[in-house]
Amino acid sequence: MVKYFLGQSVLRSSWDQVFAAFWQRYPNPYSKHVLTEDIVHREVTPDQKLLSRRLLTKTNRMPRWAERLFPANVAHSVYVLEDSIVDPQNQTMTTFTWNINHARLMEFGLARFKSNVTKTMKGFEYILAKLQGEAPSKTLVETAKEAKEKAKETALAATEKAKDLASKAATKKQQQQQQFV
């Protein structure tokens, strides 16, 4: 089980854009599991670093055995504290996050944690693209919805075309039959 995880990212954007995106990263289509975010504490240190603490509420399925032990509202949500240190002088940002409920009862595996980190980074890149005026890349769900809508439109158009052709064929057949009578 995972107790600690360290990840580093270098983003190819200006410091101002990364800093702004960090505070605007929820909601986004990659992090629909994040339900709420609240700033609990914020202060500027004498050396001009910004310290902040946020409380996030996320959906997070527990193992089935644990779901039977907890009420549904508790079993399907997790509270996460996020501490951040922003150093504008050196243009660095450091964040620490940890679950604050269920932590003593169980730990979640590395695969789940890495999946959440991947979603977080994709969401962060999505917000950066929006801030830079670029069209953010579409999510798989959005692409699938567009394809489904296009397929519906094509099927509807094909149905209408088939009805039109059938109607014309029936009219032509009637005309031919009347000529022989």
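Just so it is clear, the model here is predicted, and its values are computed rather than measured.
Here the closest non-hydrogen pair linking P29 and Y126 is CD-CE2, 3.3 Å. Minimum interatomic distance between L56 and Y26 (heavy atoms only, all atoms of both residues): CD2-CE1, 4.2 Å. A pairwise comparison of heavy atoms in V86 and M93 identifies CG2-CG, 3.9 Å as the closest pair. Taking both residues in full, the closest heavy atoms of V18 and S13 are given as CG2-CB, 3.9 Å, listed atom of the first, atom of the second, then distance.
How far NZ of K173 is from CD of Q175: 13.5 Å, rounded to the nearest 0.5 Å. The NZ atom of K161 sits 5.5 Å away from the CG atom of L165 when rounded to the nearest 0.5 Å. In this structure, CD on E125 lies 10.5 Å from CG on N28, to the nearest 0.5 angstrom. Taking CH2 from W23 and OG from S52, the interatomic distance works out to 3.0 Å, rounded to the nearest 0.5 Å. Distance check: K58 NZ to S31 OG gives 7.5 Å after rounding to the nearest 0.5 Å.
Listed by chain and residue number, R54 satisfy the salt bridge (charged side-chain N to carboxylate O under 4.0 Å, His left out) test with E37 (two or more places apart in sequence, or in another chain). Scored by the side chain to side chain contact (heavy atoms under 4.5 Å, CB included) test, T159 finds K163 as partners (sequence neighbours excluded). Residues passing the side chain to side chain contact (heavy atoms under 4.5 Å, CB included) test with D47, sequence neighbours excluded: T45, K49. By the side-chain hydrogen bond (donor to acceptor under 3.5 Å, both in side chains) test, D16 pairs with no residue at all, sequence neighbours left out. Considering only residues two or more places apart in sequence or on other chains, S14 meets the side-chain hydrogen bond (donor to acceptor under 3.5 Å, both in side chains) condition with Q17. For D83, the salt bridge (charged side-chain N to carboxylate O under 4.0 Å, His left out) test picks out R53, with sequence neighbours left out.
Side-chain atoms of N90 never come within 3.5 Å of backbone atoms of T92 as a donor-acceptor pair (strictly under, hydrogens ignored).
No single ILVMFWY cluster, assembled from side-chain heavy atoms under 4.5 Å apart, contains both I127 and L35. Note: the hydrophobic cluster containing V40 also contains Y79 (ILVMFWY, side chain heavy atoms under 4.5 Å, direct or indirect links).
Contact check for L50 versus I85: no side-chain heavy atoms found under the 4.5 Å cut-off. No side-chain heavy atom of E160 sits less than 4.5 Å from a side-chain heavy atom of D164.
The only member of T36, V80, I100, I39 that meets side chain to side chain contact (heavy atoms under 4.5 Å, CB included) when paired with L55 is I100.
Remark: E43 CD is packed, more than 12 non-hydrogen atoms of other residues, nucleotides or ligands lying under 6.0 Å away.
A donor-acceptor contact closer than 3.5 angstrom is absent between the side chains of T95 and S84.
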